Amino acid sequence: MNRIDLNGDLGESFGAWRMGDDDALLALLSSANIACGFHAGDPEIMRHTVAQAVAHGVAIGAHVSLPDLQGFGRREMNVTPAEAHALTLYQIGALHAFTCAAGTRLTHVKPHGALYNMAARDAVLANAIARAVRDFDPQLRLFGLAGSALIEAGETLGLAVASEAFVDRRYRADGSLQPRREAGAVIDDMDQALAQALGIARDGVAHTLDGQRVPLHADTLCLHGDGAHAVQLARKLRRELEAAGLRIAAPGAA
C-alpha cells in the first residue's frame, strides 16, 4: 500500500454547544464524515462544516446515525431494515442539499456509532444501509469496518467501498471493535494511538489489549474529532505516515 485516507467524524457540534476543533482538523484530513442532525449537528453546523471542507479540498461524506441526539448515536435501537433504509436516505439527502449549495458533491457515506457497529455484524441491516446509498447515488462510496458485514453488503450491491480502521480504538481478536463500555476500549495515550495507526497502515496489523495480532486491511484510518488531543494527534500521524512513504489521499482521488 502506498496511500491511505485519513478521515474524521466532524460537524458534531449542536447549537451553542461546541465539540472539537473541526476547522483545524480539516487542514490535516483527506476525508470528512459530517453529522447529519440525527446524533449531532444542525443545519448551520452542517453548512459551515461543508464550506470548510471545500476550502481545504477535503472529500465530504454523510455521517448517518440512529435518531439519538441525547445519546450521541451510541445507543442501539431496534430498527427494521425499512427504517434503516429510510433514515439513511433522509440524512444523505440533508447533507446533499448543503454540498449542492456549496458547489460540490458528496463522495461517501459512513454510519455512526451504534448504527455502524450494528451494521458491522448484521447482514440484513447492512444490506438496508447499502441499498439506501445505492438508491441515492450508486457512485457514492460506502465506508465500513474492515472485514465487516457492511463492507460485504456494499461490494455485493456493486458499490465502491473503503475498509476502515481506527487510530484510537482497541480491537478484539476477531477484528471487531472492543465496546466502549469496557476498560481500555479507547486509546487515550497518543504514542499508543500513533503506533496502532502506523501498524495498520504500514503492516496491516493491530493488536488486542493482551497482545494478540489482528490482521487488518484498511483503506482509511479514522480520527475522532472529539478526542482531547485530536488536532495534535492528526498532525503527528500525518507526519509519521508521510515519513513512512504513504500518500494521504481520499479513496478514489487521483
Side-chain angles (χ1 to χ4, degrees), residues 1-10 20-33 52-53 55-61 63 107-108 110 116 120 141-148 150-151 155 160-178 184-254:
M1 182 187 297
N2 60 4
R3 60 185 286 167
I4 192 77
D5 177 44
L6 280 183
N7 80 76
D9 300 341
L10 305 178
D21 188 351
D22 288 1
D23 291 356
L25 268 176
L26 281 164
L28 301 164
L29 301 176
S30 42
S31 294
N33 321 303
Q52 289 300 306
H56 288 288
V58 173
I60 297 170
H63 200 28
T107 63
H108 65 277
K110 174 186 164 182
Y116 182 96
R141 189 177 299 268
L142 180 61
F143 280 33
L145 185 68
S148 70
L150 188 59
I151 291 294
E155 291 176 333
V161 298
S163 294
E164 182 179 47
F166 288 83
V167 172
D168 58 357
R169 292 292 305 279
R170 288 291 182 192
Y171 284 85
R172 287 175 163 171
D174 65 357
S176 64
L177 294 174
Q178 186 176 340
V186 177
I187 302 174
D188 294 316
D189 182 272
M190 190 177 304
D191 290 337
Q192 291 182 19
L194 285 169
Q196 170 154 297
L198 286 169
I200 294 169
R202 186 181 53 205
D203 307 319
V205 174
H207 292 86
T208 63
L209 265 178
D210 60 2
Q212 297 182 66
R213 289 169 57 89
V214 183
L216 285 176
H217 164 74
D219 303 303
T220 183
L221 295 174
C222 178
L223 284 156
H224 285 108
D226 59 340
H229 307 290
V231 175
Q232 186 180 359
L233 175 59
R235 187 174 294 114
K236 287 188 174 182
L237 178 56
R238 185 172 186 120
R239 185 167 59 243
E240 294 285 346
L241 290 170
E242 290 174 338
L246 293 162
R247 183 166 73 93
I248 311 300

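Note that the structure is predicted; figures quoted are calculated from it, not measured.
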Check the pair L29 / L10 against side chain to side chain contact (heavy atoms under 4.5 Å, CB included), numbers first and verdict last.
CA-CA 11 Å; L29 301 176; L10 305 178; 4.0 Å; yes
Residue pair I248, L241: steps toward the side chain to side chain contact (heavy atoms under 4.5 Å, CB included) verdict
CA-CA 8 Å; I248 311 300; L241 290 170; 3.8 Å; yes
Between D168 and H224, is a side chain to side chain contact (heavy atoms under 4.5 Å, CB included) present by the stated rule, with each step listed?
CA-CA 8 Å; D168 58 357; H224 285 108; 3.0 Å; yes
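Using a 4.5 Å heavy-atom threshold, the side chains of Q196 and I187 count as touching. In this structure, L145 and L150 have side chains that are not in contact, with every pair of non-hydrogen atoms separated by 4.5 Å or more. Inter-residue side-chain proximity for P251 and F143 is flagged as met; some heavy-atom pair is nearer than 4.5 Å. Counting heavy atoms from C-beta on, the side chains of R235 and H229 never come closer than 4.5 Å. The shortest side-chain heavy-atom distance between D219 and I4 does not fall under the 4.5 Å cut-off. Using a 4.5 Å heavy-atom cutoff, the side chains of V205 and L216 are not in contact. With contacts defined as side-chain heavy-atom distances shorter than 4.5 Å, the pair Q52/D22 does not qualify. Using a 4.5 Å heavy-atom threshold, the side chains of Q212 and R172 count as separate.
Of all heavy-atom pairs between T208 and A173, the closest is CG2-N, 3.5 Å. Residue A230 comes nearest to L25 through the heavy atom pair O-CD2, 3.8 Å, listed as atom of the first residue, atom of the second, then distance. Residue G175 comes nearest to V214 through the heavy atom pair CA-CG1, 3.8 Å, listed as atom of the first residue, atom of the second, then distance. Pairing each heavy atom of R3 with each of A249, the nearest pair is NH2-CB, 3.4 Å. In terms of heavy atoms, L26 sits closest to A53 at CD1-N, 3.8 Å. Across A234 and L223, no two heavy atoms sit closer than the pair CB-CD1, 3.7 Å.
K110 has a carboxylate O that lies under 4.0 Å from a charged side-chain N of D9, or vice versa, which qualifies the two as a salt bridge. Residues R238 and E242 are paired through a salt bridge, judged by an N-O separation under 4.0 Å between the basic side chain and the carboxylate.
Donor-acceptor pairing under 3.5 Å is recorded for the side chains of T220 and D5. Using modelled atom types and a 3.5 Å distance limit, the side chains of N7 and E164 yield a donor-acceptor pair. Under 3.5 Å, the side chains of H108 and N33 contain a donor-acceptor pair of N or O atoms.
For R213, the CZ atom sits in a loose shell: 12 or fewer heavy atoms of surrounding residues, nucleotides or ligands are nearer than 6.0 Å.
By the 30° and 60° cut-offs, the orientation of the rings of F166 relative to Y116 is perpendicular.
The ring of H207 has its center no closer than 6.0 angstrom to the ring center of Y171.
Summarising the geometry, atom CG belonging to L198 is positioned 8.5 Å from atom CG belonging to D203; distances are rounded to the nearest 0.5 Å. Rounding to the nearest 0.5 Å places CZ of R169 at 5.0 Å from CG of L177.
The only member of V58, L221, L246 that meets side-chain contact (heavy atoms from CB on, under 4.5 Å) when paired with L6 is L221.
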